[in-house]
Protein chains: 2
Amino acid sequence: MSENNKQKAVLSVTEDIRAKILDGTYPEGMALSQVDIASTYQVSRTPVREALQILAGEELVEIRDTGRATVTTISPESFLEKCELRALIEVKLLELSIPLMGTEDIAKAREINESLKKCAPEEWTPLNYLFHEVLYKPANRPLMQNVIKDLHHRHYARLKSFILSHRNTPRSLREHDELIDRCERQDIEGACYALESHIMMSAYALAEQLKSQQLKRRQTASL
Amino acid sequence: MSENNKQKAVLSVTEDIRAKILDGTYPEGMALSQVDIASTYQVSRTPVREALQILAGEELVEIRDTGRATVTTISPESFLEKCELRALIEVKLLELSIPLMGTEDIAKAREINESLKKCAPEEWTPLNYLFHEVLYKPANRPLMQNVIKDLHHRHYARLKSFILSHRNTPRSLREHDELIDRCERQDIEGACYALESHIMMSAYALAEQLKSQQLKRRQTASL
DNA sequence: TACCAACAAAATGTATCCATTATGGTTTTA
DNA sequence: TAAAACCATAATGGATACATTTTGTTGGTA
């Protein structure tokens, strides 16, 4: 018997729209018409409507009370606050992790950071998440880890192309190295401080860039 | 023209099921059949399916890959971790709030705690949330505030009847009073410590109760 | 008794149809 | 000219019908 190629329509539609929002194919504010999507995927509107509800729950789509759905926008303020939340939780996870880290955890982190040093630009975001994930695994806090994963995936991923052009790669790599060293030396306080700086520094820089870009876009739009 | 009495079916069905899950009318693990719900609310299955998707996004309902939907269960471990997360975020919010608090904020908090002292048991949970909300408002972190609200509503609310019978009310009230005093004295460190204890102490107690209750239930179920 | 196959009943997944509501453009009017 | 009213178009919300999948039961066999 051949494998099960046909997936439920809701699932494949949801996944595809999600991917298109995350990679920027469907940009901020874009209207998502049920009929258009339905004809695009050659399905009826029923699964499309459910898919939009699911994506609305993930805050990737906004459904107004008129029923119209659009891709949500990212404000610099909410971006900054998400970074703050990220920093808060990640620092706590790191603090819990360090005392429980083994040499193999350290080695794994170093290995990922080496991959980061020579990876293609598109590979950065998932690998970078992996790096952080490895550091927090010993803490054994699946829920917090999940919140972090969500923040990365639902939020950072959408800024991917943006981050690509504004990231200070050598600096990030240096900071990763420093972070690993401090973990190895069981310097909890130092490691936590380094991590918080690592996250918030790039956050402020990105938020500034976001602000000026959105300003520019609004100006060109009003021409 | 008379007011708009008819709401969209998806919304009213979602709200009603959510309320029934939160107040225990629909208990943990209960199967939620689309046809049953549809006939209960006198609507077709279409809005019911969307409602279930929404509630699944809120983690109140689980939809297995067979399509069957059930009310999610609360494990003591995930409960404890949610409390940890709550404590982490609330402590940060309090830390940010205290320097920005005015006398009217303190007064408001005292007022709510006075209401708590003489309120009916069912009023405790929302009033208690309000008390905490007032304390964190000056921090001006809408996203974090929202995460906290979610944790309270989606999680604590479901334990309402349980909390009712196991809460140490006088102790909570005393701790609230102490918390307010420390805020008024701008004792950030002391207030944060008091808050963390306040949250985690009751968390551990409740988790223990939860564990033994679920154990008891499993034993009676296997008779 | 235990196990398996086949079938029946019930539940979910999707498509289509109709009703209602929102949107955009045109015409009318002040 | 500007604003309001109106109408045609298009989109969404919900109901129904049908297809598919899951589940439970029955009956037969080792």
Side-chain angles (χ1 to χ4, degrees), chain A residues 1-18 20-21 26-73 221-222, chain B residues 1-18 20-21 26-73 221-222:
Chain A
M1 188 190 191
S2 78
E3 63 250 283
N4 192 3
N5 262 346
K6 83 174 154 190
Q7 218 180 160
K8 285 178 190 170
V10 189
L11 291 183
S12 53
V13 171
T14 306
E15 282 169 21
D16 205 83
I17 299 178
R18 185 191 293 120
K20 289 206 164 93
I21 292 176
Y26 294 165
E28 289 188 5
M30 176 179 173
L32 297 172
S33 145
Q34 295 175 13
V35 283
D36 288 355
I37 296 172
S39 69
T40 299
Y41 296 97
Q42 295 290 315
V43 295
S44 77
R45 278 171 47 223
T46 314
V48 173
R49 289 172 55 177
E50 287 182 37
L52 290 175
Q53 291 288 4
I54 292 172
L55 294 168
E58 297 175 14
E59 291 179 52
L60 292 175
V61 160
E62 182 189 347
I63 300 180
R64 298 203 177 71
D65 44 9
T66 63
R68 255 71 171 187
T70 58
V71 178
T72 53
T73 62
S222 66
Chain B
M1 193 187 185
S2 77
E3 64 251 283
N4 193 2
N5 261 348
K6 85 172 152 191
Q7 219 182 157
K8 285 178 189 169
V10 189
L11 292 183
S12 53
V13 170
T14 306
E15 284 169 20
D16 205 83
I17 298 178
R18 185 191 292 121
K20 289 208 164 89
I21 292 176
Y26 294 165
E28 289 187 5
M30 176 181 175
L32 297 173
S33 145
Q34 294 175 14
V35 283
D36 288 355
I37 296 172
S39 70
T40 301
Y41 295 98
Q42 294 290 317
V43 295
S44 79
R45 277 169 49 224
T46 314
V48 172
R49 291 172 57 91
E50 289 183 37
L52 290 175
Q53 291 290 5
I54 292 172
L55 294 168
E58 298 175 14
E59 292 179 52
L60 291 176
V61 160
E62 183 188 346
I63 300 181
R64 300 203 176 71
D65 45 9
T66 63
R68 256 70 170 185
T70 57
V71 178
T72 53
T73 62
S222 64

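FYI, side chains are in, hydrogens and waters are out, and symmetry mates aren't considered; it's all heavy atoms of this structure. Remember, predicted model here, so these are calculated numbers, not experimental data. Order of the sequence lines sets the chain letters (A, B, ...), proteins ahead of strands, with each chain counted from 1.
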(request) With heavy atoms under 4.0 Å as the rule, sort B:Ser33 into base, sugar-phosphate or nothing. (result) sugar-phosphate

(message) Could you check whether A:Gln53 and B:Glu50, counting side-chain N and O atoms only, form a donor-acceptor pair closer than 3.5 Å?
(response) yes

(request) Rounded to the nearest angstrom, tell me the gap between atom CZ in B:Arg49 and atom P in C:dA15. (result) 11 Å

(message) Main chain of B:Glu59, side chain of B:Thr72: is a donor-acceptor contact present, judged purely on distance under 3.5 Å?
(response) yes

(request) Using side-chain contact (heavy atoms from CB on, under 4.5 Å) as the criterion, point out the one residue from B:Leu32, B:Thr14, B:Val13 that pairs with B:Leu52. (result) B:Leu32

(request) Taking only the side-chain nitrogens and oxygens of A:Ser44, find out if one of them lies under 4.0 Å from OP1 or OP2 of C:dA15. (result) yes

(message) As a test of reading the structure: which of C:dT12, C:dT23, C:dA15 is closest to the side chain of A:Thr46, going by heavy atoms?
(response) C:dA15

(message) If you define the side chain from C-beta out and look only at heavy atoms, does anything of B:Leu55 sit under 4.5 Å from B:Glu58?
(response) yes

(request) For A:Gln7 and D:dT20, give me the distance from atom CD to atom C1', rounded to whole Å. (result) 16 Å

(message) Would the distance check show the side chain of B:Thr70 and the main-chain N or O of B:Gly29 forming a donor-acceptor pair, the cut-off being under 3.5 Å?
(response) no

(request) Name the closest nucleotide to the A:Gln34 side chain, picking from D:dT12, D:dG14, D:dT23. (result) D:dT12

(request) Round to a whole Å and report the spacing from CD1 of A:Ile37 to C1' of D:dA11. (result) 12 Å

(message) So if I take every side-chain heavy atom of A:Val43 and compare against D:dG14, C:dA15, C:dT14, which nucleotide ends up nearest?
(response) C:dA15

(request) Inspect the surroundings of CD in A:Glu15 and state if more than 12 heavy atoms from other residues, nucleotides or ligands are less than 6.0 Å away. (result) yes

(request) Report the residue (B:Glu50 or B:Arg45) whose heavy-atom-nearest nucleotide on DNA chain D is the more 5′ of the two. (result) B:Glu50

(request) Let me know the distance between CG of B:Leu32 and P of C:dA11, rounded to the nearest Å. (result) 13 Å

(message) Between C1' on C:dG13 and CZ on B:Arg64, what's the gap in Å once rounded to a whole number?
(response) 18 Å

(message) Measuring from the side chain of A:Val35 (C-beta onward, heavy atoms only), which nucleotide among D:dT23, C:dT14, D:dA11 has the closest atom?
(response) D:dA11

(request) Rounded off to whole Å, could you give me the CG-to-C1' distance for the A:Asp65 and D:dG13 pair? (result) 14 Å

Can you pull every protein N or O that's under 3.5 Å from an N or O on nucleotides 6-9 of chain C?
none

(message) Please report the distance, rounded to the nearest Å, between CG in A:Asp36 and P in D:dA10.
(response) 12 Å

(request) Looking only at side-chain atoms of A:Arg68, point me to the closest of C:dA11, C:dT14, D:dA11. (result) D:dA11

(request) Quickly work out the A:Lys8 NZ to C:dA15 C1' distance and round it to whole Å. (result) 17 Å

(message) Can you identify which nucleotide, out of C:dC17, D:dT22, C:dT14, has its nearest atom closest to the A:Ala9 side chain?
(response) C:dT14

(message) Keeping A:Lys8 on the side-chain end and B:Asp65 on the backbone end, is there a donor-acceptor pair under 3.5 Å?
(response) yes

